[in-house]
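Remember, it's 1-based here, ligands and their atoms both numbered in the order they're listed.
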Amino acid sequence: MTLRFTKIAIFLAALIPLERLLWRAFHEGLGANPIEVITHSTGDWTLIFVLTALSITPLRQITRQYWLIGLRRMIGLFAFFYGTLHFLTYIWLDKFFDVHEVLKDIVKRPFITIGFAAFVLMIPLALTSTAWSIRRLGGKNWRRLHRLIYLTAILGVIHYIWLVKADRRKPIEYGIVLAILLAYRAILWAREKSSAVRPGPGRSPATPSPSQAEVTKV
Ligand code: HEM
């Protein structure tokens with residue numbers, strides 16, 4: 001019941017950036033360059049949701065609030081949702097679906113190449129976000145595939161650092177958050193490796209079964 005309520009609250013909260021953009025567009029306007037405002041806002045929120053999805057596992061483990069895992073899929077899907085809006089703003093409002101122009105940009109402008117790669121990598125994650133996909137792929141393969149989120153996050157930060165011409169403080173802040181999240185996982189991974197080679201007392205009863213653990217660890 002509480003998880004359901006929290007999920008509804010987060011779902012509504014996650015729509016606020018879009019509602020704010022629409023409200024501004026219809027009431028006060030989006031300034032001299034509306035396309036830039038929409039591109040920046042949707043790009044920002046894509047990265048925020050990617051990093052939020054990546055923080056769920058550490059947060060869940062540190063606080064022992066295991067129910068948090070139930071929010072990760074929705075947050076990941078919101079990252080894809082804002083990523084799609086960001087991409088649509090670019091190909092529709094900026095490039096008017098001119099495929100030739102878009103391809104030229106992807107080839108010639110490195111920050112677009114990287115952003116495009118980050119977005120493409122999100123597609124299989126969104127497509128396999130269902131419980132059915134986890135069952136079909138198996139926990140281990142699903143977890144492997146979903147490690148692509150790390151690459152999306154890294155490319156997303158590089159995309160942002162490369163596109164900024166002057167003040168790089170904000171993309172660097174995102175980069176620091178990402179580095180902390182990746183370092184946390186690297187430490188866990190190194191610990192697991194070393195405890196796997198050391199003979200120890202078996203699994204504790206609180207440890208989830210392998211398939212459950214595999215899916216929740218991404
Ligand atoms: C097809 C994929 C993508 C394209 C074509 C694209 C294109 C762009 C463009 C044209 C800008 C504005 C550049 C400027 O004003 O000079 C931008 C900004 C941005 N993009 Fe992307 N992008 C893509 C994917 C992504 C993805 C996947 C992420 C996040 C993971 C992302 C995050 C951002 C961020 C954070 C900004 C800057 C926002 C700000 O200035 O506050 N982009 N992108």
What protein heavy atom is closest to atom 11 (C) of ligand 1, reported as residue, atom name and distance in Å? Thr39 CG2, 3.4 Å
Check: Arg168/Tyr160 side-chain N/O donor and acceptor closer than 3.5 Å: no
Other residues, nucleotides and ligands only: do more than 12 of their heavy atoms fall within 6.0 Å of NE2 on His100? no
Less than 4.5 Å apart, side chain to side chain, heavy atoms only: is that true for Ile56 and Ile75? yes
Distance-only side-chain donor-acceptor flag, Thr128 / Arg136, under 3.5 Å: no
Report the atom name of the nearest N/O/S atom of His159 relative to atom 21 (Fe) of ligand 1. NE2
When you measure from atom 6 (C) of ligand 1 to each heavy atom in His86, Lys170, Arg109, which option holds the nearest one? His86
Below 4.0 angstrom from a heavy atom of Lys165, which ligand 1 atoms are there? Numbered from 1 as shown, please. 16 (O)
What protein heavy atom sits nearest atom 36 (C) of ligand 1, and how far away is it? Leu163 CD2, 3.9 Å
For Gly156, counting its heavy atoms only, list the atoms of ligand 1 lying under 4.0 Å from any of them. 30 (C)
Tell me, do Asp94 and Thr89 make a side-chain contact under 4.5 Å, heavy atoms counted? no
Using a heavy-atom cut-off of under 4.0 Å, does the side chain or the backbone of Phe116 touch ligand 1, or both, or neither? both
Is it true that Tyr174 lies under 4.0 Å from ligand 1, counting heavy atoms only? no
Residue, atom and distance of the protein heavy atom nearest atom 24 (C) of ligand 1 read Gly115 O, 3.3 Å
Applying a 4.0 Å heavy-atom criterion (strictly less than), which segment of Phe87 is in contact with ligand 1: side chain, backbone, both, or neither? side chain
Using a strict cut-off of 4.0 Å, indicate which atoms of ligand 1 neighbour a heavy atom of Gly43. 20 (N), 32 (C), 33 (C), 34 (C), 35 (C)
Would you say the ring centers of Phe78 and Phe11 fall short of 6.0 Å from each other? yes
Among side-chain atoms of Asp105 and Tyr90, is any donor-acceptor pair under 3.5 angstrom? yes
When you measure from atom 39 (C) of ligand 1 to each heavy atom in Trp45, Phe49, Tyr160, which option holds the nearest one? Tyr160
Judged by heavy atoms only, the candidate from Lys95, His40, Met122 nearest atom 14 (C) of ligand 1 is His40
Of all the atoms in ligand 1, which lie at a distance below 4.0 Å from a heavy atom belonging to Tyr90? 5 (C)
Aromatic ring proximity Phe49/Phe80, centre distance under 6.0 Å: no
